[in-house]
Amino acid sequence: MDYLCSGSENNLMIPCANPKAQYLSYRDDINSAIQRVLDSGWYILGEEVTQFEKEFSQFNTVSHTVGVGSGTEALHIALRALDIGQGDEVITTAHTAVATASAIDLAGAKPIFVDIEPDFFTIDPDLIEDAITPKTKAIIPVHIYGQPCNMDAIMEIANKNNLKVIEDCAQTHGAEYNGKRVGSIGDVGCFSFYPTKNLGAIGDGGALVTNDDQLGKKIKLIREYGWEERYISSKEGWNSRLDELQAAILRVKLKNLDKDNNLRQQHAKKYNELLKDLPIELPKKRENCTHVYHLFVIKVDKRDRLKEYLGKNGVNTTIQYPVPVHQQKYFQNLCDEQSLPVTEKAAKNILSLPMYPELKEKEIHKAQNILKGYFS
């Protein structure tokens, strides 16, 4: 979650993320979309959701999109639609929002954590095969901070071992890996529309995308009580529906997503230019990919001291994620104790600088000046 990364009431503080600024950028269109829903009299699974699902499928070049209540629910539904549950194991990363592991646990399966690549913060494919057991049913690679995972290597391992691949795309809306949108590469892709995401609602929301017709049908059934016809449950299911209002808002923002991602990339380029001579490690970009900079994450020694200094001088920062999932109490009790040295080191020195489309160049310069003052 990004609660600490949202805007500040202090106008002198540069927020780490600013969903209100994005609303203001598209206020007239968003207000019109909301009014359209209110006037329609149809508020659950109506035309707005139907049209958003079509448009999101076209955007991602997939056959099916199913809108659901949240990104966590998208992951949970994906697991259940793939018949993954009690006694099964799912390989993933501990350098992620706890939602990834929570969805696995909610499905009744057990998360198996492997370490990350030091340059990209994404799951290390070289370590996946050693974690596979007869109980392993799937891999959930998490495309993180806007950067895609090494999907060629992951898909090769999955195909060799007959494993399903569920892409966690909560932080990479619009990113591409070798010319393919994330979410379209594995068996199913899962998205969150939390307000601070690159494609953010004004509330909760999520979606699943797939090119598998049977899987798409099953996901749609699970979303609403397993109904093939109203009030008649023929399959497993529950209530996880994308709201009409949120779908209408997302339709407005989806039209502008590539433009907004381009602004994020421009901001990242400016950060890289201005900060290259400071004693910090700047984010690296994987070849043959587009990085959409959901977050601009640096590595720095004595991170907490720098975070405090920046905050006192008007630059809000955040840490994704200060405690790796495998070191959190609940998952320590659930999973085998293990050491993930790259993940654990990252948790101690990562820091997210302000990043959102509406960020101004003068604010990036301000952040640079404050950082420069700290290190001088």
Side-chain angles (χ1 to χ4, degrees), residues 1-2 17 19 22 48-82 92 96-100 102-104 122 140-149 151 165-177 180-212 215-216 219-220 222-223 240-243 246-258 260-261 264 290-295 320:
M1 291 300 191
D2 303 272
Q22 184 159 81
E48 297 295 340
V49 170
T50 298
Q51 290 303 315
F52 171 72
E53 289 174 342
K54 288 180 180 178
E55 291 158 8
F56 202 57
S57 290
Q58 292 168 357
F59 179 82
N60 291 296
T61 319
V62 294
S63 302
H64 305 279
T65 294
V66 181
V68 296
S70 71
T72 308
E73 271 297 283
L75 290 165
H76 179 210
I77 289 171
L79 289 158
R80 297 305 304 133
L82 292 167
T92 191
T96 180
V98 73
T100 309
S102 295
I104 297 169
T122 46
I140 300 184
V142 179
H143 308 299
I144 199 160
Y145 303 153
Q147 175 99 274
C149 297
M151 290 304 296
V165 175
I166 301 169
E167 296 179 67
D168 185 334
C169 310
Q171 296 187 9
T172 47
H173 311 72
E176 293 184 357
Y177 176 86
K180 294 182 178 180
R181 298 278 196 189
V182 295
S184 69
I185 304 164
D187 293 277
V188 59
C190 298
F191 291 84
S192 165
F193 302 130
Y194 186 80
T196 58
K197 304 299 186 185
N198 290 42
L199 180 62
I202 303 180
D204 276 316
L208 300 92
V209 301
T210 184
N211 284 307
D212 185 319
L215 186 59
I219 289 166
K220 203 165 186 177
I222 292 174
R223 168 178 72 180
S240 181
R241 300 175 294 217
L242 179 63
D243 184 85
Q246 300 302 342
I249 293 164
L250 289 166
R251 291 182 68 197
V252 172
K253 292 190 174 186
L254 180 58
K255 294 174 184 176
N256 297 285
L257 179 55
D258 281 335
D260 285 340
N261 281 343
R264 289 174 181 269
T290 57
H291 193 318
V292 294
Y293 294 98
H294 171 60
L295 298 168
Q320 279 95 358

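Hydrogens, waters and symmetry mates are skipped; everything else that's a heavy atom, side chains included, is used.
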Open item on the list: For Ile219 and His64: C-alpha separation, side-chain torsions, deciding distance, then whether side chain to side chain contact (heavy atoms under 4.5 Å, CB included) applies.
Closed with: CA-CA 10 Å; Ile219 289 166; His64 305 279; over 6 Å; no
Has the side chain of [X] got a donor or acceptor atom that lies under 3.5 Å from a matching backbone atom of [Y]?
{"X": "His143", "Y": "Cys149", "value": "yes"}
{"X": "Glu53", "Y": "Gly67", "value": "yes"}
{"X": "Arg181", "Y": "Glu176", "value": "no"}
{"X": "Ser57", "Y": "Thr65", "value": "yes"}
{"X": "Glu48", "Y": "Ala247", "value": "no"}
{"X": "Asp187", "Y": "Ile166", "value": "no"}
{"X": "Gln171", "Y": "Tyr145", "value": "yes"}
{"X": "Gln246", "Y": "Ile202", "value": "yes"}

Measure the [atom1]-[atom2] distance between [X] and [Y] for me, rounded to the nearest 0.5 Å.
{"X": "Lys253", "Y": "Asn198", "atom1": "NZ", "atom2": "CG", "result": "10.5 Å"}
{"X": "Asn60", "Y": "Thr210", "atom1": "CG", "atom2": "OG1", "result": "11.5 Å"}
{"X": "Ile140", "Y": "Thr96", "atom1": "CD1", "atom2": "OG1", "result": "9.0 Å"}
{"X": "Arg80", "Y": "Glu73", "atom1": "CZ", "atom2": "CD", "result": "12.0 Å"}
{"X": "Leu254", "Y": "Phe59", "atom1": "CG", "atom2": "CZ", "result": "6.0 Å"}
{"X": "Ile104", "Y": "Leu75", "atom1": "CD1", "atom2": "CG", "result": "8.0 Å"}

I'd like to check [X] versus [Y] (side-chain heavy atoms, cut-off strictly below 4.5 Å). Are they in contact?
{"X": "Val188", "Y": "Asp212", "result": "no"}
{"X": "Thr50", "Y": "Lys54", "result": "yes"}
{"X": "Ser184", "Y": "Thr61", "result": "no"}

Open item on the list: Would you call the rings of Phe193 and His173 parallel, tilted or perpendicular, taking 30° and 60° as the class edges?
Closed with: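 Tilted, since the angle between the ring planes falls between 30° and 60°.
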TODO: Just do the side chain to side chain contact (heavy atoms under 4.5 Å, CB included) check on Arg223 and Arg241 with the steps written out, would you?
DONE: CA-CA 6 Å; Arg223 168 178 72 180; Arg241 300 175 294 217; 4.1 Å; yes
- [ ] For the pair Lys180 and Glu167, find out whether any cationic side-chain nitrogen is under 4.0 Å from an anionic carboxylate oxygen.
- [x]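 Not counted as a salt bridge, because no side-chain N and carboxylate O are separated by less than 4.0 Å.
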